[in-house]
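Start at 1 and go down the list; that is how both ligands and their atoms are numbered.
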Amino acid sequence: VGVAARLYTEDDPLVILSGSSLQPAVTNSSSAWLVQFYSSWCGHCIQYSSTWKTLAQDVQDWQRVIRVAVLDCAQEQNFDVCKEFSIKFYPTFKYFRAHAAATDKGTIYRGADRQIQSVRQLMVNILQNHTRLDWPDHCPPLEPYSSVELLPLLGRRSDHFLVIIVEEPDSFVGREVILDLLQFSGVEVRRALTSDLPLLDALKITTFPSVYLLHPNGTHTHLHVEKCLRFFFVSFLRTLPGVQRSSSSSSVAQMGALPDTQSTEPWRDFNRSKVYTADLESALHYLLRVELATHNALEGEELKVFKDFVILVAKLYPVGGSVVKLMETLSDWLLSLPLQRIPYQAILDLVDNKMRISGVFLGAELRWVGCQGSRVGLRGYPCSLWTLFHVLTVQHEATPTALENTGLEGESAPVLQVMRRYIGTFFGCEECGRHFEQAAADGLDAVQDPEQQIQWLWNQHNMVNSRLAGSLSDDPLFPKAPWPSPALCASCHEETNGVHVWNQDNVLRFLRHHYGASNLSPRSRS
Ligand code: FAD
C-alpha cells in the first residue's frame with residue numbers, strides 16, 4: 001500500500017477518492033467529475049500518472065465546475081467500489097455529470113487518445129453536454145453568443161470587463177479561457193463564431209482566434225497579444241485592473257507563522273521588469289534584526305548556517321557598497337571568533353554600532369519597492385528573500401570563482417544548499433521550510449552546475465506559486481501565476497500539442513538578465 005498510495009499525493013491538484021468517498025462525492029454534486037480508476041501495480045498507470053497530474057494542474061481553475069480525481073483499485077479498501085463501478089481494466093476513465101443520481105455509475109470515456117489536450121477537450125464537452133436542468137452550478141454559458149446579443153453592448157458602461165473571443169466553431173480556446181477565468185471576478189468572457197459576419201464586420205476582425213475587449217468605461221478595443229494562445233489570453237485578462245481571484249478556495253494559506261512585515265507606507269511606483277536594491281537590503285535588514293532576533297544565541301549548526309549565509313552574500317552580492325562591506329565585516333568577525341556560541345545581541349551590536357562608526361550600515365528601515373504588498377502582511381519579507389536568492393544564483397554563474405576558499409566551493413549547488421539550510425533553520429514560516437526541504441531532498445542532487453542552479457530555483461518557485469494560487473497569502477494585486485508572465489517574456493512561452501510549455505533556453509536567458517547586476521535598480525522609479 002505504501003508505494004501504491006504515493007502514485008498521487010495530497011500535494012497534487014486533484015482529488016484522491018476512496019471506496020467510502022467516491023459515491024458521496026459524485027452524487028448530486030454541484031460540479032461534474034472526471035475520475036481515473038487506476039491500479040498502482042499497473043506499469044502503464046505509473047507512467048501515465050505524470051500526464052494526469054499535468055492535466056489536473058492545467059485545469060486546476062476549473063474545479064468549481066468539473067473536478068479531476070483518482071481512485072486506486074489496488075488498495076484493499078477500494079476493491080468493492082471498483083467492482084461496483086465495473087472497473088475491469090486500468091486505467092478506466094469515467095465521468096459523472098453534475099447533479100448525478102445516486103444510481104449513476106458514471107460514463108466510460110473510451111477515447112484512444114489520452115493526451116492532455118484531448119482529455120481537456122473531453123472535459124469541455126462533458127460540461128457542454130449538460131442540460132439546462134443539471135447544468136453545473138457555477139458554470140458560465142459555453143455556447144457562442146450572436147452579434148444580436150453582443151453588438152448592443154458596445155459603448156455601454158458596466159462594472160466589469162467583457163471579453164469576446166471570436167473563433168472557428170471547432171476551436172476550444174474560447175471555452176478554455178472562459179473556464180480558466182471562472183474563479184476571477186471583474187471579467188466575463190463570451191465566445192462568438194467566425195460565421196457571424198455582422199460581428200466580424202462591426203469589430204473589424206480578420207484573424208482567429210481574436211479577442212475583443214469591452215472596458216467598463218464603455219470604450220472597446222482589439223486585444224493584441226504576441227501569440228494567440230490560451231496562456232497569453234488568460235495571463236493578460238487576469239491582470240486587467242480590477243480583475244482578481246474571487247475565492248481563496250484552492251489551497252490553504254500557511255503563512256500564519258510569518259509576522260506582518262510592513263508598515264502603512266505610501267505606495268511607491270515601480271517597474272515589474274526591474275529588481276530593486278531596496279528590497280534586497282530590506283531582506284537583510286529584516287533577516288538580521290527580526291528573524292535572527294528570535295534566537296537568543298547562535299550555536300552549533302545554527303551558527304554554521306548563519307556564517308555560510310553571511311559568506312555567501314558577502315561574496316555574491318552583485319553591487320559593491322555598504323551591504324557587501326557589512327557582510328564582509330560580519331563574516332570576518334564570525335570567522336575570527338573562536339566561540340562556539342554567539343549571543344544574538346553581539347551580532348546586533350556589530351550590525352548597529354560598529355558599522356555606524358565606520359559609516360557602513362544597512363538601510364535603517366524596511367522599505368519594500370518591488371515587494372510592496374497591497375496591504376500589510378502581504379509580500380514583503382518572503383518576496384524579498386526569494387528575490388535575494390534568485391539574484392545570488394545568477395551572480396554565482398556570472399562569477400564562478402567568487403566562492404573559492406570559502407568552504408562552499410566544493411558544493412555543486414552552493415547557493416541552493418545555503419538557502420536550504422537557512423530556510424530550514426531560521427525562516428519563520430515552518431510549513432514553508434518543510435515544503436522547501438522536501439523539494440530540496442527530492443531534487444537538489446541532480447543540480448550539477450550554476451546554470452542548473454538558476455533553473456532549479458526558478459522551477460521550484462513556480463511550483464510554490466502554483467500551490468499557493470488563490471490562497472490567503474495571494475496578494476490580489478500580484479496574483480500567484482507562472483512566472484515570468486508573457487508580458488515580461490513572451491519568448492519564454494510556447495505551446496506543444498495544446499499544452500503550455502516553457503522555452504527553457506529563453507527562460508534562462510531572461511533570468512540571467514532579470515536577476516543580473518545590470519538590472520538592479522537603486523531607485524523606486526525606473
Ligand atoms: P513571491 O512568490 O514571494 O515572489 C517574489 C517575486 O519573485 C515575484 O514578485 C516575481 O517578481 C518573482 N518571481 C515569481 N516567481 C518566480 C519564479 N518562478 N522564478 C523567479 N522569480 C519569480 N508561503 C506559503 O504560504 N506556503 C509555503 O509553503 C511557502 N513556501 C515558501 C518557501 C520559500 C523558500 C520562501 C522564500 C517563501 C515561501 N512562501 C510560502 C511564501 C510565498 O512563496 C511568497 O513569498 C509570499 O506569499 C509573497 O508572495 P509574492 O506575491 O510577493 O511573490
Side-chain angles (χ1 to χ4, degrees), residues 11 235 239 244-245 248 250-262 270-276 279-280 282-283 286-287 291 309 368-394 415-440 444 453-485 487-489 492-493 502 504 507-508 510-516 519-521:
D11 284 341
S235 161
T239 49
Q244 53 175 278
R245 240 176 228 280
S248 51
S250 60
S251 50
V252 182
Q254 298 135 345
M255 295 293 290
L258 277 185
D260 283 352
T261 57
Q262 281 159 284
F270 72 97
N271 178 344
R272 292 190 193 213
S273 61
K274 289 264 169 216
V275 172
Y276 292 90
D279 292 317
L280 302 181
S282 295
Y286 185 88
L287 184 151
E291 196 148 78
F309 173 80
W368 312 115
V369 179
C371 282
Q372 284 169 105
S374 64
R375 62 175 169 75
V376 172
L378 292 176
R379 310 197 74 226
Y381 179 57
C383 167
S384 66
L385 203 58
W386 277 119
T387 309
L388 175 66
F389 281 107
H390 286 299
V391 165
L392 297 180
T393 58
V394 168
V415 178
L416 299 180
Q417 294 293 5
V418 172
M419 176 176 183
R420 171 189 191 174
R421 298 196 285 265
Y422 183 84
I423 296 288
T425 312
F426 294 106
F427 194 45
C429 167
E430 245 185 280
E431 186 73 7
C432 307
R434 202 179 51 75
H435 276 124
F436 196 73
E437 173 53 35
Q438 185 63 50
L444 268 194
Q453 192 173 225
I454 299 173
Q455 290 170 311
W456 189 90
L457 193 60
W458 160 73
N459 187 47
Q460 181 52 32
H461 193 170
N462 266 342
M463 310 247 272
V464 176
N465 291 342
S466 109
R467 183 156 46 79
L468 297 182
S471 73
L472 293 177
S473 65
D474 205 5
D475 189 327
L477 267 191
F478 302 87
K480 303 256 187 313
W483 189 96
S485 66
L488 281 177
C489 177
C492 291
H493 302 270
W502 295 100
Q504 300 279 347
V507 169
L508 184 60
F510 175 81
L511 290 168
R512 283 181 182 135
H513 162 76
H514 185 80
Y515 287 114
N519 197 39
L520 271 182
S521 179

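- A donor-acceptor pair is defined here as one N or O able to donate and one able to accept, closer than 3.5 Å; such a pair exists between the side chain of Asp279 and the backbone of Val369.
- Under the ring pair (Phe, Tyr, Trp, His ring centres under 6.0 Å) criterion, His461 pairs with Trp386, His390, sequence neighbours left out.
- Close approach to Asn462 involves these atoms of ligand 1, each under 4.0 Å from a residue heavy atom: 18 (N).
- The N/O atoms of Asp475, backbone and side chain alike, include none that comes under 3.5 Å of an N/O atom in ligand 1.
- With hydrogens and angles ignored, the 3.5 Å screen pairs a side-chain donor or acceptor of Gln453 with a backbone N or O of Leu416.
- With hydrogens and angles left out, the side-chain atoms of Asn462 and Asn465 include a donor and acceptor closer than 3.5 Å.
- Of the candidates Phe436, Phe389, Trp458, Trp483, the one placing a heavy atom closest to atom 18 (N) of ligand 1 is Trp458.
- Compare Phe478, Tyr515, Trp386 by their heavy atoms: the one nearest to atom 12 (C) of ligand 1 is in Tyr515.
- Applying the 4.0 Å criterion to heavy atoms of Arg467 picks out, from ligand 1, the atoms 27 (C), 28 (O).
- Close N/O approach between Lys480 and ligand 1 is found [any backbone or side-chain N/O within under 3.5 Å].
- Heavy-atom proximity to Ile423, at under 4.0 Å, picks out these atoms of ligand 1: 34 (C).
- For ligand 1, the polar-atom distance check finds an N/O of Asn465 within less than 3.5 Å of one of the ligand's N/O atoms.
- In this structure a side-chain-to-backbone donor-acceptor pair under 3.5 Å is present from Asp474 to Lys480.
- Residue Leu468 touches ligand 1 through its side chain alone, judged by heavy-atom distances below 4.0 Å.
- Cation-pi geometry between Arg421 and Phe309 is not met: the NZ or CZ atom fails to fall both under 6.0 Å from the ring centre and inside 45° of the normal.
- Taking the charged nitrogens against the carboxylate oxygens, Arg434 and Glu437 have no contact shorter than 4.0 Å, which rules out a salt bridge.
- With a 4.0 Å cut-off on non-hydrogen atoms, His435 touches ligand 1 through its side chain and not its backbone.
- The residue from His390, Glu430, Gln455 that puts a heavy atom closest to atom 20 (C) of ligand 1 is His390.
- By the side-chain hydrogen bond (donor to acceptor under 3.5 Å, both in side chains) test, Asp11 is found to be paired with no residue, residues two or more places apart in sequence or in another chain being considered.
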